[in-house]
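Here the structure is laid out as C-alpha cells; the discussion comes afterwards.
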Amino acid sequence: MAKNRLSLKLLELRQERNLTQKELCAKLNISRTNYSYFENGRRVPDVDTLLLIAEFYGVSLDELVTGSHSVVNESKEDTTAYDLGITLVRHLQSKHIPVESIMQLSKADFDFLSDYKKLSEDNQSEMRYLMNYKIRKQNQ
C-alpha cells in the first residue's frame with residue numbers, strides 16, 4: 001500500500017531520533033507489528049495511539065497527521081493546558097467514562113475539572129460533598 005502523510009511523518013520522526021521500531025514500541029508500550037503497519041501505511045492508528053505518539057514526539061496532532069507544521073503559540077501556559085487536557089481525557093477514560101461523554105464536555109467543564117484536580121485532597125472531598133448535597137437538594 002502506498003505511504004500516506006501520516007506514515008511518512010511517523011518514519012521521519014522515528015529516524016530523526018535514531019530509534020528502531022522495537023525501541024520506540026517498547027517506550028510507547030505498543031505492538032511492533034501494529035506500529036510497522038502504521039509506518040507502512042497499511043493501518044491508521046486510533047485516536048488514543050495518535051495522542052500517545054504525538055505526545056512522545058512533542059508534536060501537535062495536526063503535524064503528526066498532515067505532516068505540516070502549524071504555527072502555534074507555544075507558550076508554556078498553552079503547552080501546560082494541552083498536556084493537562086490530554087491527562088484529563090486519559091483519566092476520564094480510565095474511569096470508564098465513554099468517549100462520547102468526554103467529547104460533550106465544554107471548555108468550562110474542562111476548566112472546572114482542571115481546577116478541581118489542583119485542589120488538595122481535603123478540598124476535593126469537600127467539593128464532592130457539596131456537589132452531592134446540591135444534587136440531592138435539586139432532585140427533591
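This structure is a prediction, so every number in the text was calculated from the model and none was measured. Heavy-atom basis, side chains included; hydrogens, waters and symmetry copies ignored.
When all heavy atoms of S7 and G41 are compared, the pair lying nearest together is CB-N, 3.7 Å. Considering all non-hydrogen atoms of both residues, E23 and T20 come closest at OE1-N, 2.8 Å. Here the closest heavy-atom approach between residue S31 and residue C25 is recorded as O-SG, 3.9 Å.
At least one side-chain heavy atom of L13 sits under 4.5 Å from a side-chain heavy atom of R17. L24 has its side chain out of reach of I53: every pair of non-hydrogen atoms, C-beta onward, lies at least 4.5 Å apart. Counting heavy atoms from C-beta outward, L6 and L50 have side chains that approach closer than 4.5 Å. The closest side-chain heavy-atom distance from K27 to L19 is below 4.5 Å. The shortest side-chain heavy-atom distance between M127 and F112 falls under the 4.5 Å cut-off. Within the 4.5 Å cutoff, no side-chain heavy atoms of N29 are placed close to those of L52.
Screening residues 130-140 for side-chain hydrogen bond (donor to acceptor under 3.5 Å, both in side chains) gives no qualifying pairs among residues at least two apart or on separate chains.
For Y57, the side-chain hydrogen bond (donor to acceptor under 3.5 Å, both in side chains) test picks out no residue, with sequence neighbours left out. Annotation: side chain to side chain contact (heavy atoms under 4.5 Å, CB included) contacts of Y37 (sequence neighbours excluded): T33, N34, R42, R43. Partners of N123 by side chain to side chain contact (heavy atoms under 4.5 Å, CB included), not counting sequence neighbours, listed by chain and number: L119, S120, E126. Residues forming a side chain to side chain contact (heavy atoms under 4.5 Å, CB included) with Y129 (at least two apart in sequence, or on another chain): none. Under the rule for a side chain to side chain contact (heavy atoms under 4.5 Å, CB included), the partners of S36 that lie at least two apart in sequence or sit in another chain are Q21, R32, N40.
Between F38 and Y35, the ring planes lie perpendicular to each other; the angle is over 60°, past the 30° to 60° tilted range.
Within a 6.0 Å sphere centred on CD of E121, other residues, nucleotides and ligands contribute 12 heavy atoms or fewer. Around atom CZ of F56, more than 12 heavy atoms belonging to other residues, nucleotides or ligands sit under 6.0 Å away.
Linking ILVMFWY residues whenever their side-chain heavy atoms come closer than 4.5 Å, directly or via other members, leaves I135 and L130 in distinct clusters.
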Please determine whether side-chain contact (heavy atoms from CB on, under 4.5 Å) holds for the pair E39 and L8, giving the CA-CA distance in whole Å, both sets of side-chain angles, and the decisive distance to 0.1 Å. CA-CA 7 Å; E39 246 185 46; L8 291 171; over 6 Å; no
Using the side-chain contact (heavy atoms from CB on, under 4.5 Å) rule, take E55 and L51 through it: C-alpha gap first, then chi angles, then the decisive distance, then the call. CA-CA 6 Å; E55 186 175 9; L51 284 170; 5.9 Å; no
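Checked by atom type, the side-chain pair D46/T49 shows a donor-acceptor distance below 3.5 Å.
For the atom pair NZ of K117 and CD of Q124, the computed distance is 6.0 Å after rounding to the nearest 0.5 Å.
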